[in-house]
Q: 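Below is the structure I would like to discuss, written out as C-alpha coordinates.
Since the model is a prediction, treat every value here as computed from it, not as a measurement. We count residues from 1, following the sequence as given.
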Amino acid sequence: MSDRIYQLKDDLAKLIERYSKQDGVHSTAIPSLYFIRRSNVTDLKHGVYNPSLCIIAQGAKEVLLGQEHFKCGPTNYLVSSVDMPVKSQVMTASSEEPYLALTLQISPSQILEILSDSEIPVGKKENSKRAMFLSPIELSLLDAVLRLANLLDNPKDIPVLAPLFTKEILYRVLQGQHGTTLEQIAIEGSSTNRIRDVIEHIKVNYDKSLRIEELAEIAAMSVASIHRYFKEVTSMSPIQYQKQMRLQEARHLLLSESTDAADVAFKVGYESPSQFSREYSRMFGYPPIEDIKRLKAKHDHRKND
(Lines give C-alpha, C1' and ligand atoms only; values in the text may rest on other atoms or scores of the structure.)
Protein backbone atom coordinates (compact mmCIF):
# COMPACT_ATOMS: atom_id res chain seq x y z
CA MET A 1 0.00 0.00 0.00
CA SER A 2 1.17 3.55 -0.69
CA ASP A 3 1.94 6.01 2.11
CA ARG A 4 -1.16 7.99 1.14
CA ILE A 5 -3.41 4.93 1.57
CA TYR A 6 -1.86 4.24 4.99
CA GLN A 7 -2.58 7.85 5.98
CA LEU A 8 -6.22 7.64 4.84
CA LYS A 9 -6.67 4.30 6.64
CA ASP A 10 -5.31 5.86 9.82
CA ASP A 11 -7.67 8.83 9.46
CA LEU A 12 -10.60 6.46 8.87
CA ALA A 13 -9.69 4.34 11.92
CA LYS A 14 -9.62 7.44 14.15
CA LEU A 15 -12.99 8.59 12.85
CA ILE A 16 -14.61 5.15 13.36
CA GLU A 17 -13.16 4.94 16.88
CA ARG A 18 -14.52 8.39 17.71
CA TYR A 19 -18.06 7.34 16.74
CA SER A 20 -17.80 3.81 18.23
CA LYS A 21 -16.94 4.12 21.90
CA GLN A 22 -18.10 0.58 22.70
CA ASP A 23 -17.79 -2.78 20.95
CA GLY A 24 -20.60 -3.63 18.57
CA VAL A 25 -22.28 -2.48 15.36
CA HIS A 26 -23.18 1.22 15.36
CA SER A 27 -25.63 2.95 13.03
CA THR A 28 -24.71 6.46 11.91
CA ALA A 29 -26.53 9.60 10.77
CA ILE A 30 -25.98 8.29 7.21
CA PRO A 31 -28.69 5.59 6.95
CA SER A 32 -26.69 3.10 4.86
CA LEU A 33 -23.40 3.47 6.81
CA TYR A 34 -22.48 1.37 9.86
CA PHE A 35 -19.34 1.26 12.01
CA ILE A 36 -18.07 -1.90 13.73
CA ARG A 37 -15.70 -2.09 16.69
CA ARG A 38 -14.32 -5.21 18.43
CA SER A 39 -11.71 -5.16 21.20
CA ASN A 40 -11.05 -8.91 21.15
CA VAL A 41 -10.48 -11.72 18.72
CA THR A 42 -13.91 -13.39 18.38
CA ASP A 43 -15.20 -16.93 17.96
CA LEU A 44 -16.72 -17.86 14.61
CA LYS A 45 -20.08 -16.10 14.39
CA HIS A 46 -22.94 -17.03 12.09
CA GLY A 47 -24.78 -14.22 10.35
CA VAL A 48 -26.24 -12.98 7.08
CA TYR A 49 -24.30 -10.40 5.08
CA ASN A 50 -26.70 -8.07 3.28
CA PRO A 51 -25.63 -6.52 -0.03
CA SER A 52 -22.82 -4.28 1.19
CA LEU A 53 -19.26 -3.05 0.93
CA CYS A 54 -17.00 -3.70 3.94
CA ILE A 55 -13.75 -1.79 4.54
CA ILE A 56 -11.47 -2.56 7.48
CA ALA A 57 -9.51 0.41 8.82
CA GLN A 58 -7.70 -1.51 11.57
CA GLY A 59 -7.39 -5.20 12.43
CA ALA A 60 -8.39 -8.22 10.34
CA LYS A 61 -11.18 -10.76 9.98
CA GLU A 62 -11.95 -13.94 8.08
CA VAL A 63 -15.27 -14.66 6.38
CA LEU A 64 -16.31 -18.21 5.48
CA LEU A 65 -18.83 -18.76 2.70
CA GLY A 66 -19.34 -22.50 2.34
CA GLN A 67 -15.83 -23.87 1.82
CA GLU A 68 -14.37 -20.52 0.70
CA HIS A 69 -12.27 -18.31 2.99
CA PHE A 70 -12.02 -14.53 2.54
CA LYS A 71 -9.20 -12.96 4.58
CA CYS A 72 -9.99 -9.27 4.99
CA GLY A 73 -7.66 -6.55 6.25
CA PRO A 74 -6.61 -2.96 5.59
CA THR A 75 -5.17 -3.82 2.15
CA ASN A 76 -8.47 -4.98 0.61
CA TYR A 77 -12.26 -4.62 0.71
CA LEU A 78 -15.09 -7.16 0.70
CA VAL A 79 -18.34 -6.92 -1.26
CA SER A 80 -21.44 -9.08 -0.95
CA SER A 81 -23.92 -8.38 -3.74
CA VAL A 82 -26.76 -10.60 -2.44
CA ASP A 83 -27.81 -11.77 1.06
CA MET A 84 -25.24 -14.37 2.09
CA PRO A 85 -25.36 -16.68 5.15
CA VAL A 86 -21.75 -16.72 6.34
CA LYS A 87 -19.50 -17.40 9.31
CA SER A 88 -17.03 -14.70 10.28
CA GLN A 89 -14.32 -14.21 12.87
CA VAL A 90 -12.31 -11.17 13.93
CA MET A 91 -8.71 -12.41 13.77
CA THR A 92 -6.73 -9.32 14.84
CA ALA A 93 -7.98 -7.04 17.63
CA SER A 94 -7.01 -5.82 21.11
CA SER A 95 -8.19 -3.19 23.59
CA GLU A 96 -5.20 -1.02 22.57
CA GLU A 97 -5.79 -1.52 18.82
CA PRO A 98 -9.41 -2.61 18.30
CA TYR A 99 -10.79 -4.01 15.09
CA LEU A 100 -12.42 -1.04 13.31
CA ALA A 101 -14.46 -1.37 10.13
CA LEU A 102 -17.37 0.10 8.23
CA THR A 103 -20.09 -1.35 6.04
CA LEU A 104 -22.01 0.52 3.38
CA GLN A 105 -25.27 -1.06 2.26
CA ILE A 106 -25.88 -1.44 -1.48
CA SER A 107 -29.10 -1.63 -3.49
CA PRO A 108 -29.59 -2.79 -7.12
CA SER A 109 -31.30 0.53 -7.95
CA GLN A 110 -28.10 2.41 -7.01
CA ILE A 111 -26.04 0.16 -9.29
CA LEU A 112 -28.54 0.53 -12.14
CA GLU A 113 -28.45 4.33 -11.82
CA ILE A 114 -24.64 4.36 -12.07
CA LEU A 115 -24.63 2.00 -15.05
CA SER A 116 -27.19 4.24 -16.77
CA ASP A 117 -25.19 7.43 -16.08
CA SER A 118 -21.72 6.11 -16.91
CA GLU A 119 -19.86 4.55 -19.80
CA ILE A 120 -18.93 1.42 -17.85
CA PRO A 121 -19.22 -1.46 -20.36
CA VAL A 122 -21.93 -3.83 -19.12
CA GLY A 123 -21.09 -7.54 -19.17
CA LYS A 124 -23.23 -10.23 -20.72
CA LYS A 125 -26.35 -11.40 -18.92
CA GLU A 126 -24.98 -14.95 -18.77
CA ASN A 127 -22.11 -13.92 -16.49
CA SER A 128 -22.91 -15.73 -13.25
CA LYS A 129 -20.23 -15.47 -10.59
CA ARG A 130 -19.91 -15.84 -6.86
CA ALA A 131 -21.74 -12.85 -5.37
CA MET A 132 -19.00 -12.22 -2.78
CA PHE A 133 -15.54 -10.97 -3.65
CA LEU A 134 -12.38 -9.46 -2.19
CA SER A 135 -10.49 -6.71 -4.05
CA PRO A 136 -7.31 -4.71 -3.36
CA ILE A 137 -8.10 -1.28 -1.87
CA GLU A 138 -7.44 1.66 -4.18
CA LEU A 139 -6.68 5.26 -3.29
CA SER A 140 -9.63 6.71 -5.25
CA LEU A 141 -12.11 4.40 -3.47
CA LEU A 142 -10.67 5.01 0.00
CA ASP A 143 -10.65 8.78 -0.56
CA ALA A 144 -14.38 8.72 -1.43
CA VAL A 145 -15.16 6.52 1.60
CA LEU A 146 -13.34 8.89 3.94
CA ARG A 147 -15.19 11.89 2.50
CA LEU A 148 -18.49 10.09 3.11
CA ALA A 149 -17.56 9.19 6.71
CA ASN A 150 -16.33 12.76 7.39
CA LEU A 151 -19.84 14.05 6.68
CA LEU A 152 -20.77 12.81 10.16
CA ASP A 153 -18.86 15.83 11.50
CA ASN A 154 -21.05 18.10 9.33
CA PRO A 155 -24.57 16.62 9.58
CA LYS A 156 -26.20 19.45 7.61
CA ASP A 157 -24.23 18.33 4.52
CA ILE A 158 -25.44 14.71 4.70
CA PRO A 159 -28.74 15.01 2.73
CA VAL A 160 -27.00 16.58 -0.29
CA LEU A 161 -23.50 15.08 -0.26
CA ALA A 162 -23.97 11.55 1.13
CA PRO A 163 -25.84 10.29 -2.00
CA LEU A 164 -23.14 11.82 -4.24
CA PHE A 165 -20.23 10.30 -2.31
CA THR A 166 -22.02 6.93 -2.09
CA LYS A 167 -22.52 7.00 -5.85
CA GLU A 168 -18.82 7.74 -6.34
CA ILE A 169 -17.85 4.84 -4.03
CA LEU A 170 -20.02 2.35 -5.92
CA TYR A 171 -18.74 3.73 -9.24
CA ARG A 172 -15.17 2.99 -8.07
CA VAL A 173 -16.14 -0.57 -7.08
CA LEU A 174 -17.82 -1.10 -10.47
CA GLN A 175 -14.59 0.04 -12.15
CA GLY A 176 -12.54 -2.43 -10.11
CA GLN A 177 -11.43 -5.92 -11.10
CA HIS A 178 -14.68 -7.54 -9.86
CA GLY A 179 -17.04 -4.77 -10.98
CA THR A 180 -18.90 -7.07 -13.38
CA THR A 181 -19.92 -9.27 -10.43
CA LEU A 182 -21.59 -6.32 -8.71
CA GLU A 183 -23.26 -4.97 -11.85
CA GLN A 184 -25.02 -8.30 -12.46
CA ILE A 185 -27.43 -7.77 -9.53
CA ALA A 186 -28.95 -4.80 -11.37
CA ILE A 187 -29.12 -6.13 -14.93
CA GLU A 188 -32.64 -7.27 -15.70
CA GLY A 189 -32.60 -10.87 -16.91
CA SER A 190 -29.06 -11.70 -15.76
CA SER A 191 -28.76 -15.00 -13.91
CA THR A 192 -27.55 -13.19 -10.75
CA ASN A 193 -30.52 -10.82 -10.88
CA ARG A 194 -32.90 -13.77 -11.21
CA ILE A 195 -31.18 -15.69 -8.39
CA ARG A 196 -31.57 -12.57 -6.23
CA ASP A 197 -35.35 -12.84 -6.78
CA VAL A 198 -35.21 -16.47 -5.64
CA ILE A 199 -33.19 -15.49 -2.55
CA GLU A 200 -35.83 -12.88 -1.66
CA HIS A 201 -38.52 -15.56 -1.96
CA ILE A 202 -36.58 -17.97 0.30
CA LYS A 203 -35.95 -15.23 2.88
CA VAL A 204 -39.65 -14.34 3.10
CA ASN A 205 -40.75 -18.01 3.10
CA TYR A 206 -37.86 -19.58 5.02
CA ASP A 207 -40.32 -21.44 7.30
CA LYS A 208 -42.29 -23.00 4.40
CA SER A 209 -41.57 -26.13 2.38
CA LEU A 210 -39.44 -25.37 -0.66
CA ARG A 211 -40.58 -26.55 -4.06
CA ILE A 212 -37.70 -26.39 -6.50
CA GLU A 213 -40.17 -26.16 -9.40
CA GLU A 214 -41.61 -22.98 -7.86
CA LEU A 215 -38.12 -21.48 -7.52
CA ALA A 216 -37.37 -22.37 -11.13
CA GLU A 217 -40.58 -20.59 -12.15
CA ILE A 218 -39.62 -17.44 -10.19
CA ALA A 219 -36.20 -17.41 -11.89
CA ALA A 220 -37.64 -18.36 -15.31
CA MET A 221 -35.08 -21.18 -15.43
CA SER A 222 -35.16 -24.95 -15.73
CA VAL A 223 -34.81 -27.02 -12.54
CA ALA A 224 -31.26 -27.99 -13.56
CA SER A 225 -30.32 -24.35 -14.24
CA ILE A 226 -31.70 -23.03 -10.94
CA HIS A 227 -29.50 -25.51 -9.04
CA ARG A 228 -26.41 -24.64 -11.07
CA TYR A 229 -26.80 -20.85 -11.01
CA PHE A 230 -27.88 -20.71 -7.37
CA LYS A 231 -24.74 -22.60 -6.37
CA GLU A 232 -22.53 -20.43 -8.60
CA VAL A 233 -23.87 -17.25 -6.96
CA THR A 234 -24.13 -18.39 -3.31
CA SER A 235 -21.83 -21.47 -3.08
CA MET A 236 -24.77 -23.58 -1.80
CA SER A 237 -28.01 -25.18 -2.99
CA PRO A 238 -31.41 -23.52 -2.36
CA ILE A 239 -32.17 -26.16 0.33
CA GLN A 240 -28.84 -25.52 2.09
CA TYR A 241 -29.47 -21.77 1.91
CA GLN A 242 -32.92 -22.15 3.45
CA LYS A 243 -31.53 -24.42 6.19
CA GLN A 244 -28.94 -21.79 7.14
CA MET A 245 -31.63 -19.08 7.28
CA ARG A 246 -33.92 -21.33 9.39
CA LEU A 247 -31.23 -22.29 11.89
CA GLN A 248 -29.92 -18.74 12.29
CA GLU A 249 -33.47 -17.50 12.92
CA ALA A 250 -34.00 -20.37 15.40
CA ARG A 251 -30.89 -19.37 17.33
CA HIS A 252 -32.07 -15.74 17.38
CA LEU A 253 -35.50 -16.79 18.72
CA LEU A 254 -33.97 -19.02 21.40
CA LEU A 255 -31.71 -16.20 22.56
CA SER A 256 -34.40 -13.51 22.60
CA GLU A 257 -37.47 -15.42 23.80
CA SER A 258 -38.16 -17.71 26.74
CA THR A 259 -39.40 -20.63 24.69
CA ASP A 260 -38.44 -24.26 24.27
CA ALA A 261 -36.56 -25.84 21.39
CA ALA A 262 -39.55 -27.82 20.06
CA ASP A 263 -41.67 -24.66 19.75
CA VAL A 264 -38.88 -22.88 17.91
CA ALA A 265 -38.36 -25.89 15.62
CA PHE A 266 -42.00 -25.68 14.47
CA LYS A 267 -41.84 -21.87 14.20
CA VAL A 268 -38.95 -21.97 11.73
CA GLY A 269 -40.49 -24.74 9.63
CA TYR A 270 -39.24 -28.06 11.02
CA GLU A 271 -41.79 -30.86 11.40
CA SER A 272 -39.48 -32.97 13.56
CA PRO A 273 -37.84 -31.54 16.72
CA SER A 274 -35.24 -34.32 16.64
CA GLN A 275 -34.23 -33.42 13.06
CA PHE A 276 -34.06 -29.76 14.14
CA SER A 277 -31.81 -30.66 17.07
CA ARG A 278 -29.51 -32.74 14.84
CA GLU A 279 -29.15 -30.02 12.20
CA TYR A 280 -28.76 -27.29 14.83
CA SER A 281 -25.93 -29.29 16.50
CA ARG A 282 -24.25 -29.85 13.14
CA MET A 283 -24.29 -26.12 12.36
CA PHE A 284 -23.51 -24.59 15.77
CA GLY A 285 -21.58 -27.42 17.45
CA TYR A 286 -24.01 -27.90 20.38
CA PRO A 287 -27.66 -28.97 20.83
CA PRO A 288 -30.06 -25.97 21.03
CA ILE A 289 -30.51 -25.62 24.80
CA GLU A 290 -26.84 -26.26 25.59
CA ASP A 291 -25.79 -23.75 22.92
CA ILE A 292 -28.08 -21.00 24.29
CA LYS A 293 -26.91 -21.58 27.89
CA ARG A 294 -23.31 -21.33 26.69
CA LEU A 295 -23.94 -18.11 24.74
CA LYS A 296 -25.82 -16.48 27.63
CA ALA A 297 -23.09 -17.45 30.12
CA LYS A 298 -20.45 -15.97 27.78
CA HIS A 299 -22.51 -12.77 27.45
CA ASP A 300 -22.91 -12.47 31.27
CA HIS A 301 -19.20 -13.08 31.77
CA ARG A 302 -18.33 -10.26 29.33
CA LYS A 303 -20.75 -7.90 31.09
CA ASN A 304 -19.09 -8.61 34.43
CA ASP A 305 -15.52 -8.19 33.15
Q: List the steps, then state whether side chain to side chain contact (heavy atoms under 4.5 Å, CB included) holds for V173 with F133.
A: CA-CA 11 Å; V173 175; F133 61 83; 4.1 Å; yes
Q: Would you say the side-chain atoms of D23 pair up with the backbone N or O of S39, donor to acceptor, closer than 3.5 Å?
A: yes
Q: Starting from the C-alpha separation in whole Å, work towards a yes-or-no answer on side chain to side chain contact (heavy atoms under 4.5 Å, CB included) for L78 and M132.
A: CA-CA 7 Å; L78 181 74; M132 179 173 277; 3.9 Å; yes
Q: Tell me, with the steps shown, if D117 and Y171 meet side chain to side chain contact (heavy atoms under 4.5 Å, CB included).
A: CA-CA 10 Å; D117 292 351; Y171 174 71; over 6 Å; no
Q: Mind checking side-chain hydrogen bond (donor to acceptor under 3.5 Å, both in side chains) for R251 and listing every partner two or more places apart, or none if nothing turns up?
A: D291
Q: Do you reckon L44 sits in the same ILVMFWY cluster as L255, going by side-chain contacts under 4.5 Å, direct or chained?
A: no
Q: Does R172 come within less than 4.0 Å of E138, counting only side-chain N to carboxylate O?
A: no
Q: Please collect all side-chain hydrogen bond (donor to acceptor under 3.5 Å, both in side chains) contacts where either partner lies in residues 144-157, sequence neighbours excluded, each pair once.
A: R18-D153, Y19-D153, D143-R147, R147-E168
Q: OG/S191 to CE/M221 distance, rounded to the nearest 0.5 angstrom?
A: 5.5 Å
Q: Tell me every residue that passes side chain to side chain contact (heavy atoms under 4.5 Å, CB included) with N205, counting only those two or more places apart in sequence or in another chain.
A: H201, K208
Q: Are more than 12 heavy atoms from other residues, nucleotides or ligands located less than 6.0 Å from atom CD of E217?
A: no
Q: Can K167 and L164 be said to form a side chain to side chain contact (heavy atoms under 4.5 Å, CB included), step by step?
A: CA-CA 5 Å; K167 191 172 182 179; L164 297 177; 5.7 Å; no
Q: For the pair E290 and R294, find out whether any cationic side-chain nitrogen is under 4.0 Å from an anionic carboxylate oxygen.
A: no
Q: Is there any salt bridge (charged side-chain N to carboxylate O under 4.0 Å, His left out) pair reaching into residues 66-85, and which pairs are they, with sequence neighbours excluded?
A: E68-R130, D83-K203
Q: With sequence neighbours excluded, tell me which residues meet ring pair (Phe, Tyr, Trp, His ring centres under 6.0 Å) with F276.
A: Y270, Y280
Q: Kindly check if the number of other-residue, nucleotide or ligand heavy atoms within 6.0 Å of CD (E97) is above 12?
A: no
Q: Flag yes if more than 12 heavy atoms outside Q177 fall under 6.0 Å of its CD atom; otherwise flag no.
A: yes
Q: Any chance you could pull the hydrophobic cluster mates of V25, using side-chain heavy atoms under 4.5 angstrom and chaining through other members?
A: Y34, I36, I56, V90, Y99
Q: Kindly compute the distance separating CG (L148) from CD1 (I158), expressed to the nearest 0.5 Å.
A: 8.5 Å
Q: Check whether I185 and L112 end up in the same hydrophobic cluster, where Ile, Leu, Val, Met, Phe, Trp and Tyr are linked by side-chain heavy atoms less than 4.5 Å apart.
A: no
Q: Do we see a donor-acceptor contact under 3.5 Å between the side chains of D3 and Q7?
A: no
Q: Please check if the side chain of S52 supplies one atom and the backbone of N50 the other of a donor-acceptor pair under 3.5 Å.
A: yes
